[in-house]
Amino acid sequence: MITKENILAIAKKTILSESEAITKLIDFLDENFYEAVQRIYESKGRLIVTGIGKSAIIAQKMVATFNSTGTPSMFLHAAEAIHGDLGMIQNDDVIICISKSGNSPEIKVLVPLLKRFGNTLIAITGNTTSFLAKGSDLVLNTTVDTEACPINLAPTNSTTAQLVMGDALAVCLMEMRDFKPEDFAVYHPGGALGKKLLLRVKDMIEHSLKPAVTPDTSIKKAIFEISEKRLGVTAVIEDNKIIGIITDGDIRRMLNDVDSIADLTAKDIMSKNPKVVSSETMAVDALNILEDFSITQLIVADNGEYKGVLHLHDILKEGIV
């Protein structure tokens with residue numbers, strides 16, 4: 001019977017086996033890796049990544065990583081290549097071919113065809129004496145001693161090694177291109193990640209209300225302003241400058257402290273020096289301010305001009321957190 005302890009032990013053994021396999025890749029990094037990075041970086045074309053079987057799946061992931069980090073890439077399935085897809089390869093493209101054995105029938109057919117075009121061919125293989133390795137301009141060694149699979153057949157360590165080698169290429173290219181977060185945002189405009197990188201405060205308050213009172217406004221009218229605009233706060237404005245805010249919390253504390261509000265005005269209970277951000281502030285930075293000061297609203301102003309109120313709920317609605 002397989003027990004919980006057995007299952008956990010197998011899982012740990014698998015993870016340890018794969019981690020050891022990729023650690024050994026460090027010793028395989030040589031002039032070939034350096035030259036591969038240089039040729040991809042200097043290429044005026046795209047990076048074509050091809051493979052068969054599980055290596056094809058790794059190739060697709062590599063393409064996704066390269067595309068999202070500034071290296072235009074395309075996936076070419078090794079089996080489909082000989083049935084017309086070779087037409088996607090252009091003169092200036094660099095090609096990466098991935099295969100553990102480097103001797104599969106599809107690879108043996110494909111390599112001479114790829115070389116016919118005169119493109120740089122980079123092999124990622126676990127067999128440096130294979131047909132693929134001998135037919136390539138550069139060889140990136142991803143040899144593994146064994147697979148994590150208990151019968152040493154299912155690609156596990158070998159595909160992980162391929163994936164890590166691809167990541168190493170991508171990260172080197174990012175460094176060479178001085179790839180920055182704003183560059184990353186260009187390729188990731190959708191979802192929570194894109195919003196973290198692109199969304200600004202102005203995008204969330206464009207159509208929001210702007211609660212405001214003067215210092216001499218009565219408390220009753222201030223409460224009405226807060227309730228009507230439904231943001232839990234109002235700015236206090238004097239001579240077109242923001243001098244304070246009144247929040248729901250200020251109202252509650254006032255009601256606990258006084259018996260009558262008849263003679264009170266906004267300036268009597270407002271909080272001075274409120275936290276203010278510009279409309280160009282990144283939404284994620286505004287969120288950090290809210291969290292750091294344990295508040296739920298921020299006043300938005302540009303060059304002293306009151307633009308509105310950013311509420312924590314506005315950020316939450318965008319799905320940034």
Side-chain angles (χ1 to χ4, degrees), residues 22 25 28-29 32-144 147 154-174 187:
I22 62 175
L25 291 180
F28 298 148
L29 296 177
N32 279 260
F33 183 88
Y34 167 76
E35 185 64 27
V37 173
Q38 285 294 126
R39 294 203 190 185
I40 296 170
Y41 177 71
E42 294 170 358
S43 170
K44 294 181 172 60
R46 304 154 304 170
L47 180 60
I48 308 296
V49 190
T50 186
I52 192 77
K54 303 297 188 297
S55 294
I57 298 173
I58 298 301
Q60 288 176 295
K61 192 276 176 185
M62 282 189 193
V63 166
T65 299
F66 284 126
N67 277 328
S68 68
T69 54
T71 300
S73 305
M74 292 184 68
F75 168 68
L76 172 65
H77 196 284
E80 297 298 328
I82 59 176
H83 294 287
D85 282 1
L86 278 174
M88 74 168 61
I89 300 176
Q90 300 177 2
N91 292 336
D92 293 325
D93 294 342
V94 173
I95 305 168
I96 292 178
C97 186
I98 310 171
S99 173
K100 177 188 176 183
S101 72
N103 288 319
S104 64
E106 295 87 356
I107 296 299
K108 287 186 174 182
V109 172
L110 181 60
V111 168
L113 297 175
L114 295 176
K115 291 301 296 177
R116 184 180 65 187
F117 293 103
N119 302 78
T120 294
L121 177 59
I122 302 168
I124 294 181
T125 182
N127 184 353
T128 57
T129 62
S130 64
F131 185 87
L132 171 60
K134 291 178 179 178
S136 299
D137 298 294
L138 301 166
V139 179
L140 306 185
N141 188 356
T142 53
T143 299
V144 297
E147 299 287 3
T156 44
N157 289 359
S158 58
T159 46
T160 300
Q162 293 168 354
L163 187 63
V164 170
M165 188 64 75
D167 286 342
L169 288 170
V171 171
C172 288
L173 290 163
M174 288 177 70
Y187 303 111

Ala56 to Gly51 - nearest heavy-atom pair and separation = CB-O, 3.4 Å

Output the distance between atom OG (Ser104) and atom CZ (Phe131), rounded to the nearest 0.5 Å.
-> 10.5 Å

Here the gap from Ile122 atom CD1 to Leu138 atom CG, rounded to the nearest 0.5 Å, amounts to 5.5 Å

Is the number of heavy atoms from other residues, nucleotides or ligands within 6.0 Å of OH (Tyr34) greater than 12?
-> no

If a pair satisfies salt bridge (charged side-chain N to carboxylate O under 4.0 Å, His left out) and one of its residues is in residues 37-57, list it, with sequence neighbours excluded.
-> Glu35-Arg39, Arg46-Asp93

Distance from Ile124 atom CD1 to Ile58 atom CD1, nearest 0.5 Å?
-> 10.0 Å

Residue list, salt bridge (Lys or Arg N to Asp or Glu O under 4.0 Å) with Glu106, at least two apart or on another chain | none

Please name all residues satisfying side chain to side chain contact (heavy atoms under 4.5 Å, CB included) with Leu121, sequence neighbours left out, ordered by chain then number.
-> Ile95, Cys97, Val111, Leu114, Lys115, Ser136, Asp137

Where is the tightest heavy-atom contact between Ala59 and Val49, given as atom of each residue plus distance?
-> CB-CG1, 3.6 Å

What one should report as the nearest heavy-atom pair of Gln162 and Met62 is O-CE, 2.9 Å

Sorted by chain and residue number, the side chain to side chain contact (heavy atoms under 4.5 Å, CB included) partners of Val37 (sequence neighbours excluded) come out as Phe33, Leu169, Cys172, Leu173, Met176

Spacing of CD1 belonging to Ile107 relative to NZ belonging to Lys100, to within rounding of 0.5 Å | 14.5 Å

Shortest non-hydrogen pair, Met165 vs Asn141, comes out as CE-O, 3.5 Å

Donor-acceptor contact below 3.5 Å, side chain Glu147 vs main chain Pro155 | no

What is the minimum heavy-atom distance between Ala161 and Val144, and which atoms define it?
-> CB-CG1, 4.1 Å

Closest non-hydrogen atoms of Thr142 and Leu25, given as atom of the first, atom of the second and distance, are CA-CD2, 3.8 Å

For Ser130, the side chain to side chain contact (heavy atoms under 4.5 Å, CB included) test, sequence neighbours excluded, returns Asn103, Thr125, Asn127, Leu132, Ala133

When rounded to the nearest 0.5 angstrom, what is the spacing between CD1 in Ile57 and CD1 in Ile98?
-> 11.0 Å

Output for pair (Ser68 OG, Met174 CE), nearest 0.5 Å, gives 7.5 Å

Distance-only check: which donor-acceptor pairs under 3.5 Å involve side-chain atoms of residues 71-88, not counting sequence neighbours?
unit_1	atom_1	unit_2	atom_2	d
Thr71	OG1	Arg177	NH1	2.7
Ser73	OG	Thr71	O	2.8
His77	ND1	Ala79	N	3.1

